[in-house]
Number of protein chains: 2
Amino acid sequence: MSTIAHRPLRADARRNREKVLAAAAAAFAESGLEAQIEDIARRAGVGVGTVYRHFPTKEALVEALAGEHFERLADIAEAALEQHGTPWEVFATAVWRCAGAAAGDVAWCELIGGHPSTTQAAAGGQARLAAAMSALIGRARQDGAMRADATVDDVRTIMCGFGHVAAAQRAGAGLDWERYLEIALDGLRAR
Amino acid sequence: MSTIAHRPLRADARRNREKVLAAAAAAFAESGLEAQIEDIARRAGVGVGTVYRHFPTKEALVEALAGEHFERLADIAEAALEQHGTPWEVFATAVWRCAGAAAGDVAWCELIGGHPSTTQAAAGGQARLAAAMSALIGRARQDGAMRADATVDDVRTIMCGFGHVAAAQRAGAGLDWERYLEIALDGLRAR
DNA sequence: CGTTAACATGAAGGTCGGTTCCGCTTTGCC
DNA sequence: GGCAAAGCGGAACCGACCTTCATGTTAACG
């Protein structure tokens with residue numbers, strides 16, 4: 001996108017940037033998107049000003065992390081493309097892995113359903129994820145194991161619901177995201 | 001619960017109470033739980049002080065509405081108990097009606113997954129809903145149309161996911177709650 | 001080692017939104 | 001009609017958070 005050549009960061013700045021990113025990941029995972037900048041700064045062992053030096057706004061921080069998250073999901077889905085097994089198993093395993101990767105992270109659960117602030121930075125990862133998932137779905141449909149009208153958007157829809165269930169579970173609502181996925185994936189199977 | 005004998009409200013006060021309740025329902029439906037008291041007051045044509053006279057806190061207002069909502073869902077589920085048709089159809093129809101009743105209301109979608117603030121006032125409706133749903137599920141399982149291990153919590157889980165999907169759809173995420181329900185209910189069917 | 005540009009700090013500023021409070025109005029009752 | 005008591009209005013208050021900025025610190029380079 002931007003072609004501005006950033007001069008390399010000073011050593012301490014690069015170190016702090018990483019600390020902030022890690023602290024933000026932890027804070028968002030624990031408290032969701034409403035985690036506070038001051039808490040993030042404290043966890044990172046820096047002042048709030050330092051956080052703002054690296055990320056002009058809270059949303060930019062969220063976007064940076066969301067980008068990473070979707071890249072990770074895309075990695076999972078792409079790795080599945082090379083896996084052995086029935087197409088359905090391969091697909092289902094990929095979905096389970098994605099869900100497992102997101103389940104412990106409140107902010108991730110909140111974002112996975114298509115939060116507006118992800119649109120920018122996460123576009124690349126989301127596109128890769130969609131492409132890989134599409135392929136997995138195509139194979140499973142061809143094989144006859146998946147309902148013939150299934151689409152990537154169905155999976156997105158299911159993951160969106162998943163996010164709420166996992167977050168509610170974490171909040172003590174007595175739900176179970178694994179049970180949720182079991183049922184939802186069953187709904188994608190051919191009858 | 002409370003056995004305090006409230007003296008009857010003055011006529012204007014009763015009228016205002018209703019106006020506030022209606023305005024709050026509209027505002028929450030449109031903007032979700034983060035609708036603002038001042039907006040509610042404006043819609044009701046009263047001052048914020050009047051809102052606070054009737055509901056000591058924003059949360060109390062939410063609870064009052066949540067109570068109404070769950071009563072309505074319970075009514076739907078109980079009405080289904082008397083319906084004709086295969087047990088599965090009767091169950092599925094009840095779920096579709098509940099979803100349809102909630103889908104247009106952002107706050108309702110947010111609450112349906114078990115938001116903490118519902119716990120108090122909505123307990124009665126939730127209990128009735130659970131009881132009726134339990135009966136519907138029992139019949140459908142008996143009939144062999146529903147998976148043998150299905151429980152009320154499964155339906156709660158599905159509805160929790162539904163809430164996020166419907167809210168995301170309203171926010172323009174390009175999802176479709178009807179498709180979601182179709183898949184999720186299919187996942188509850190016996191194979 | 002000295003210079004300087006980059007960086008860090010955290011108190012202060014700004015905003016937003018829930019809640020309070022006191023002077024004024026309306027209702028209900030004699 | 002007159003009087004409490006109940007109710008109303010909305011400016012002001014207050015706390016929570018994001019963001020900025022003036023001042024002090026540190027890495028990089030000659």
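Chain letters run A, B, ... following the sequence lines, proteins first and then strands; every chain starts at 1.
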Check: Heavy atoms under 4.0 Å, any strand shown: does B:Ala35 hit a base, just sugar-phosphate, or nothing?
Finding: sugar-phosphate

Check: Which residue, A:Pro8 or B:Lys58, contacts DNA chain C at a nucleotide closer to its 5' end, judged by nearest heavy atom?
Finding: A:Pro8

Notebook entry, point to check: For the side chain of B:Tyr52, counting heavy atoms from C-beta on, which of C:dT19, D:dT19, C:dC7 is nearest?
Noted result: C:dT19

Check: Taking only side-chain nitrogens and oxygens of B:His54, does any of them come within less than 4.0 Å of OP1 or OP2 of D:dC8?
Finding: yes

Notebook entry, point to check: For A:Phe55 and D:dC17, what is the distance between atoms CZ and P respectively, to the nearest whole Å?
Noted result: 21 Å

Note to self: Heavy atoms from C-beta onward define the side chain here; which of C:dT26, C:dG17, C:dA8 lies closest to that of B:Asp12?
What the structure shows: C:dT26

Next item on the list: Record whether the side chain of B:Arg10 comes under 3.5 Å of the base of D:dA6 through a donor-acceptor pair of N or O atoms.
Entry: yes

Check: What integer distance in Å separates B:Arg15:CZ from D:dA6:P?
Finding: 18 Å

Check: Out of C:dT19, C:dC7, D:dT19, which has the shortest distance to the side chain of A:Ile37?
Finding: D:dT19

Margin query: Reading DNA chain D from 5' onward, which residue's closest nucleotide shows up sooner: B:Gly49 or B:Leu9?
Written below: B:Leu9

Margin query: Tell me whether the side-chain N/O atoms of B:Asn16 come closer than 4.0 Å to OP1 or OP2 in D:dC8.
Written below: yes

Note to self: Categorize A:Val46 for me: base, sugar-phosphate, or nothing, with a 4.0 angstrom heavy-atom threshold over every strand shown.
What the structure shows: sugar-phosphate

Checklist line | Rounded distance in Å - CD (B:Glu34) to P (C:dG18) | finding: 10 Å

Check: When the distance from CD of A:Gln36 to P of D:dT19 is rounded to whole Å, what number comes out?
Finding: 12 Å

Note to self: Could you tell me how far apart A:Leu33 (CG) and D:dC18 (P) are, to the nearest whole angstrom?
What the structure shows: 11 Å

Margin query: Applying a strict under-4.5 Å side-chain criterion to I, L, V, M, F, W and Y, I'd like to know whether A:Ile112 and A:Val106 cluster together.
Written below: no

Next item on the list: Measure from the side-chain heavy atoms of A:Arg53 and tell me the nearest of C:dC7, D:dG7, C:dT19.
Entry: C:dC7

Checklist line | Shared hydrophobic cluster, A:Val165 / A:Leu181 (ILVMFWY, side-chain heavy atoms < 4.5 Å) | finding: yes

Note to self: Closest approach to the side chain of A:Ala11, judged atom by atom: which nucleotide of C:dT19, D:dA5, D:dA28 is it?
What the structure shows: D:dA28

Notebook entry, point to check: Has the side chain of A:Tyr180 got a donor or acceptor atom that lies under 3.5 Å from a matching backbone atom of A:Ile158?
Noted result: yes

Checklist line | Separation of atom CZ in A:Phe28 from atom P in D:dC17, rounded to whole Å | finding: 13 Å

Margin query: What is the separation between atom CD1 on A:Ile40 and atom P on D:dC17, rounded to the nearest whole Å?
Written below: 12 Å

Checklist line | From CG (A:Leu73) to CZ (A:Arg97), nearest 0.5 Å | finding: 13.0 Å

Item checked: Whole-Å gap separating C1' (C:dG10) and CZ (A:Arg42) -> 12 Å

Notebook entry, point to check: Distance-only, no hydrogens or angles: does the A:His164 side chain make a donor-acceptor pair with backbone N or O of B:Cys160 under 3.5 Å?
Noted result: yes

Next item on the list: Could you please name the option among D:dG9, D:dC18, C:dT9 that lies closest to any side-chain atom of B:Thr50?
Entry: D:dG9

Item checked: Gap separating the CZ atom of A:Arg17 from the NE2 atom of A:His54, nearest 0.5 angstrom -> 7.5 Å

